[in-house]
2 protein chains.
Amino acid sequence: MSTTPAAQPPAPRHAGGMAIGALSRRTAVKVPTIRYYEEIGLLPTPPRGGNGRRLYGEAAVDRLGFIRRARDLGFGIDDIRALLDMSDRPGQPCADIDRIARQHRDAVRDKIRQLASLEAALTAMVDQCGHGAVADCQILEALGRD
Amino acid sequence: MSTTPAAQPPAPRHAGGMAIGALSRRTAVKVPTIRYYEEIGLLPTPPRGGNGRRLYGEAAVDRLGFIRRARDLGFGIDDIRALLDMSDRPGQPCADIDRIARQHRDAVRDKIRQLASLEAALTAMVDQCGHGAVADCQILEALGRD
DNA sequence: CCTACATCCTCCAGTGACTAGAGGATCAAG
DNA sequence: CTTGATCCTCTAGTCACTGGAGGATGTAGG
């Protein structure tokens, strides 16, 4: 759009942005995973250099870092997609964000409850093991009972 | 092997065994799942009736019930395969069985620990939500921070 | 200038433990 | 005889990646 085509500085060192490997190192997200996120639309398709390689800027570092932290907290891809969409509309009320976080927390709580009763059952099994022959194993016995 | 080919009773009601649907109802394992277990070698290939349909006996009910209970406790397929193999050798000591159960219990404990700290983080996020605009959302803020 | 070696590209296949559907054959009951 | 349930095989989809093949570049050292 500018009518001054010659005024650009001659491509400073970081102008084109970083390659996918550098982005990977900065965010601790593996290279194939970054390409996967692009494929499923979590990351925008980046510009390419003359060699066809992807070039990323700081915005990509922020967005990918956001995704990684949300994944670390166990959010699913669809949830993250929704969170990112909402963060692109800063004027909206944040009720939906709160809802997603609450739902996820509740799901985590449920999972903890399930696993706790599982752990109790497994501990009971292990404690009853007589360390004898397989024929007398209480663990197999417990699994074999209706 | 018998030299008395005519002495068999004329196929009593339960002689051929039950169909896959009946086995499914008895064990609460879905039909496609049973076929899947057969495919991956967890269940032996059953005999077929003249119509090509699978026929199961009580042994299949027991084995499949064992598998289902172990799956409910979160054991992976490979663990279950090992447990079944061991239960077929009743003379061996049951140390390996104990080891598998202990490993699994420890893995469950680890998972609980991870999820508990996750829940704490999510609860902190939810509690800090100001219920205002997306621009001020503490949840997004928390996810956006390095 | 040449040679390694790293990094990048695309495409395809595999993971775990199923689940779902197509398309067709057979069975049991009314 | 018709209807609806059940069975068969085969293929493909789920989730969130991960790994490899095979080939094209880029960068550093000699």
Side-chain angles (χ1 to χ4, degrees), chain A residues 11 13-14 16-43 45-56 60 64 66-84 104 107-108 111 114, chain B residues 11 13-43 45-56 60 64 66-84 104 107-108 111 114 118:
Chain A
R13 222 147 315 265
H14 299 287
M18 74 197 91
I20 198 169
L23 179 62
S24 169
R25 265 168 255 127
R26 290 267 310 264
T27 57
V29 176
K30 289 181 189 159
V31 168
T33 305
I34 296 173
R35 286 196 276 250
Y36 169 72
Y37 285 161
E38 179 185 331
E39 193 185 307
I40 63 172
L42 265 195
L43 289 176
T45 58
R48 306 282 184 121
N51 44 21
R53 299 187 174 192
R54 292 166 177 83
L55 293 175
Y56 297 96
L64 189 51
F66 182 100
I67 294 169
R68 191 186 58 71
R69 284 183 287 274
R71 287 291 302 133
D72 286 349
L73 286 172
F75 285 96
I77 295 289
D78 283 347
D79 279 345
I80 295 175
R81 205 188 300 273
L83 292 173
L84 285 167
H104 182 49
V108 169
K111 192 80 195 166
Q114 282 176 30
Chain B
R13 220 144 322 260
H14 301 287
M18 75 198 91
I20 198 169
L23 178 63
S24 169
R25 265 167 256 127
R26 291 269 308 265
T27 56
V29 176
K30 289 180 191 159
V31 168
T33 304
I34 297 173
R35 287 197 275 250
Y36 169 71
Y37 286 161
E38 179 186 330
E39 193 186 306
I40 64 172
L42 265 195
L43 289 177
T45 58
R48 305 284 183 120
N51 45 22
R53 298 185 177 194
R54 293 167 177 82
L55 293 174
Y56 297 97
L64 190 51
F66 183 100
I67 295 168
R68 191 187 58 70
R69 284 182 287 274
R71 287 291 302 133
D72 286 349
L73 287 172
F75 285 97
I77 295 289
D78 284 347
D79 280 344
I80 296 174
R81 205 187 301 270
L83 291 173
L84 284 167
H104 182 50
V108 169
K111 191 80 194 165
Q114 282 175 29
L118 212 80

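Note: hydrogens, waters and symmetry copies are ignored here, and every other heavy atom, side chains too, is used. Every chain is numbered from 1, with letters handed out A, B, ... down the list of sequences.
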**Message:** I'd like to know whether B:Met18 forms a side chain to side chain contact (heavy atoms under 4.5 Å, CB included) with B:Arg25, so could you lay out the CA-CA distance, the side-chain angles of the two residues, the decisive distance to 0.1 Å, and finally the verdict.
**Reply:** CA-CA 11 Å; B:Met18 75 198 91; B:Arg25 265 167 256 127; over 6 Å; no
**Request:** Apply the test side chain to side chain contact (heavy atoms under 4.5 Å, CB included) to residues B:Ile77 and B:Tyr37: give CA-CA distance (whole Å), side-chain angles for both, the deciding distance (0.1 Å), then the verdict.
**Result:** CA-CA 9 Å; B:Ile77 295 289; B:Tyr37 286 161; 4.0 Å; yes
**Request:** Check step by step if side chain to side chain contact (heavy atoms under 4.5 Å, CB included) holds for A:Leu64 and A:Tyr56.
**Result:** CA-CA 11 Å; A:Leu64 189 51; A:Tyr56 297 96; over 6 Å; no
**Request:** Could you please spell out the steps behind the side chain to side chain contact (heavy atoms under 4.5 Å, CB included) verdict for A:Thr27 and A:Ile67?
**Result:** CA-CA 10 Å; A:Thr27 57; A:Ile67 294 169; over 6 Å; no
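One atom, CZ of A:Arg71, and another, P of D:dC15, lie 12 Å apart when rounded to the nearest Å. When the P atom of C:dC11 is taken as reference, atom CD of A:Glu39 falls 10 Å away, rounded to whole Å. Taking atom CD1 on A:Ile34 and atom P on D:dT18, their separation rounds to 11 Å, with Å as the unit. Protein atom CG of B:Leu64 is 16 Å distant from nucleotide atom P of C:dA17, rounded to whole Å. Across the protein-nucleic acid pair, A:Asp72 atom CG and D:dC17 atom P stand 10 Å apart, rounded to whole Å. Atom CG in A:Leu55 sits about 17 Å away from atom P in C:dT7, given to the nearest Å. One interatomic measurement links the two molecules: CE of B:Met18 to C1' of D:dT6, which rounds to 16 Å at whole-angstrom precision. Separating the OH atom of B:Tyr56 from the P atom of D:dC7 is a distance of 10 Å, rounded to the nearest angstrom.
Contact record, B:Ile20 with B:Arg35: CD1-CG, 3.6 Å, taken as the closest heavy-atom pair. Closest non-hydrogen pair, B:Gly76 versus B:Arg71, comes out as CA-NH1, 4.1 Å. Here the closest heavy-atom approach between residue B:Leu118 and residue A:Asp72 is recorded as CD1-O, 3.4 Å. Closest heavy-atom contact between A:Arg48 and A:Leu55: C-CD1, 4.2 Å. Scanning both residues, A:Ser24 and A:Lys30, for their nearest heavy atoms gives OG-CA, 3.9 Å.
The shortest distance between the side-chain N/O atoms of B:Arg48 and the OP1/OP2 oxygens of D:dT9 is below 4.0 Å. When the side-chain nitrogen and oxygen atoms of B:Tyr37 are compared with OP1 and OP2 of C:dC18, one or more of them lie within a distance under 4.0 Å.
The residue among B:Arg54 and A:Ile77 whose nearest nucleotide of DNA chain D is located toward the 5' end is B:Arg54. Mapped onto DNA chain C by nearest heavy atom, A:Arg35 and B:Asp78 fall at different nucleotides, with A:Arg35 at the one closer to the 5' end.
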With 3.5 Å as the limit, what N/O pairs link the protein to nucleotides 23-25 of chain D?
from: D:dT25; atom 1: O2; to: A:Arg53; atom 2: NH2; distance (Å): 3.2

Is there any protein nitrogen or oxygen under 3.5 Å from a nitrogen or oxygen in nucleotides 19-24 of chain C, and what are the pairs?
from: C:dT19; atom 1: OP2; to: B:Thr33; atom 2: OG1; distance (Å): 3.0

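Note that CZ of B:Arg81 is 5.0 Å distant from CG of B:Leu42, once rounded to the nearest 0.5 Å.
A:His104 places no side-chain N or O within donor-acceptor distance of the main-chain N or O of A:Asp79, the cut-off being under 3.5 Å. B:Arg68 contributes no side-chain N or O that, together with a main-chain N or O of B:Ala28, makes up a donor-acceptor pair within less than 3.5 Å.
Near DNA chain C, defined here as any heavy-atom distance below 4.0 Å, the residues from residues 20-29 of chain A are A:Ile20, A:Gly21, listed numerically.
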